[in-house]
Amino acid sequence: NFRVRGALVARTPATDPEFSEFAATLNNQRVPLFLIGSDDQLQFGQASARVLWPRPKADSQPASFNNDSIVLRLNFGARSILLLADIENAGESGLLADLKRTRNESAAHADVVKVAHHGSKTSSTPEFVRASGAQFAVISVGQHSMFGHPHRTVVERWRAAGAEILTT
């Protein structure tokens with residue numbers, strides 16, 4: 001349905017059959033693959049995106065896990081959106097530690113957050129929810145998730161922090 005002009009990845013695990021199929025599809029469609037990591041900047045018209053996570057690795061070949069998911073902070077005018085992909089507690093903690101180390105904690109703050117890992121109980125730590133200060137928490141989830149997503153404690157955590165919960 002869409003004309004894809006590029007694919008962004010943080011890891012290129014060539015021995016992973018799913019990634020190999022993905023890379024072959026991109027190649028067949030002549031879609032370029034871009035390896036990105038924290039602090040990379042992207043520009044889309046008047047919107048900008050900064051990669052917050054994961055840290056680049058010297059070797060991008062090892063297996064890729066949820067905590068290797070790309071986290072983007074989108075900015076458009078005075079508005080910001082955090083796209084947290086599938087990171088879990090360890091990814092959120094690592095991201096907050098990186099932002100603190102670089103004295104850029106405000107990068108975790110956003111108007112809208114696409115909640116990590118479909119609202120799984122393995123994401124949305126209290127520290128991260130507080131740091132985001134989001135007005136809206138969007139949870140991408142199937143109507144009848146076989147995993148029980150979103151987890152009720154995660155929904156309540158976002159709600160208690162003042163975010164309006166929206167689901168797909």
Side-chain angles (χ1 to χ4, degrees), residues 1-2 4 7-11 13 16-19 21-22 34 36-40 42 44 47-57 62-102 104-168:
N1 292 330
F2 304 96
V4 177
L8 309 174
V9 298
R11 307 287 183 257
D16 181 309
E18 289 179 4
F19 181 80
E21 184 177 343
F22 173 67
F34 299 98
I36 61 174
S38 59
D39 291 329
D40 284 341
L42 308 165
F44 306 100
S48 64
R50 177 174 166 219
V51 181
L52 300 180
W53 186 263
R55 295 179 203 115
K57 287 189 176 179
S64 182
F65 299 99
N66 284 347
N67 285 317
D68 295 318
S69 298
I70 296 170
V71 173
L72 295 174
R73 177 187 170 83
L74 302 176
N75 292 300
F76 185 77
R79 298 293 179 203
S80 58
I81 301 172
L82 273 181
L83 301 175
L84 297 175
D86 269 350
I87 63 170
E88 298 179 81
N89 295 347
E92 290 176 357
S93 296
L95 170 56
L96 287 176
D98 279 3
L99 294 175
K100 185 175 183 176
R101 181 180 46 77
T102 60
N104 193 18
E105 292 98 333
S106 65
H109 191 273
D111 300 302
V112 178
V113 169
K114 195 295 286 172
V115 173
H117 204 213
H118 313 283
S120 164
K121 65 182 176 182
T122 63
S123 66
S124 297
T125 61
E127 298 79 17
F128 196 89
V129 171
R130 275 193 306 276
S132 78
Q135 292 177 288
F136 299 96
V138 180
I139 303 173
S140 176
V141 64
Q143 186 172 8
H144 302 288
S145 167
M146 64 190 224
F147 300 106
H149 299 154
H151 197 274
R152 70 180 181 276
T153 58
V154 169
V155 171
E156 287 308 314
R157 188 174 297 142
W158 283 102
R159 191 170 282 134
E164 182 176 336
I165 308 299
L166 305 168
T167 59
T168 57

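- Atoms CG and CH2, on L84 and W53 in that order, are 12.5 Å from each other to the nearest 0.5 Å.
- With R11 contributing its side chain and D68 its backbone, the two residues share no donor-acceptor pair below 3.5 Å.
- Using a 4.5 Å heavy-atom cutoff, the side chains of V112 and L166 are not in contact.
- Atoms OG and CG, on S38 and L99 in that order, are 9.0 Å from each other to the nearest 0.5 Å.
- Of all heavy-atom pairs between K114 and L83, the closest is CB-CD2, 3.8 Å.
- Heavy atoms only, all atoms of each residue included: S140 and H118 are closest at O-ND1, 2.6 Å.
- Closest approach of I70 to P54, counting heavy atoms only: CA-CD, 4.0 Å.
- Closest approach of L8 to I36, counting heavy atoms only: CB-CD1, 3.7 Å.
- Taking CG of D39 as the reference point, atom CG of N104 lies at 8.5 Å (rounded to 0.5 Å).
- Rounded to the nearest 0.5 angstrom, F34 CZ and L42 CG are separated by 9.5 Å.
- Taking the side chain as every heavy atom from C-beta outward, T125 and R130 never approach each other to under 4.5 Å.
- How far CD1 of I139 is from NE2 of H151: 12.0 Å, rounded to the nearest 0.5 Å.
- Under a 3.5 Å cut-off, the side chain of S123 and the backbone N or O of A116 do form a donor-acceptor pair.
- Residues N67 and E88 approach most closely at OD1-N, 2.8 Å, considering heavy atoms.
- Of the possible polar contacts, one joining the T168 side chain to the V141 backbone as a donor-acceptor pair under 3.5 Å is found.
- With salt bridges taken as basic N to acidic carboxylate O contacts below 4.0 Å, none links R50 and D40.
- Atoms CG and CG, from L74 and D111 in turn, are 11.5 Å apart once rounded to the nearest 0.5 Å.
- No donor-acceptor pair closer than 3.5 Å links the side chain of D86 to the backbone N or O of N66.
- With hydrogens and angles disregarded, no donor-acceptor distance shorter than 3.5 Å links the side chain of K121 to the backbone of V154.
- In this structure, P56 and G37 approach most closely via the heavy-atom pair CG-CA, 4.1 Å.
- For the pair L82/F128, a side-chain contact is recorded, criterion being any heavy-atom separation below 4.5 Å from C-beta on.
- Counting heavy atoms of neighbouring residues, nucleotides and ligands inside a 6.0 Å radius, atom CZ of R79 does not exceed 12 of them.
- A distance-only check finds no donor-acceptor pair linking the side chain of H117 to the backbone of I87 [under 3.5 Å].
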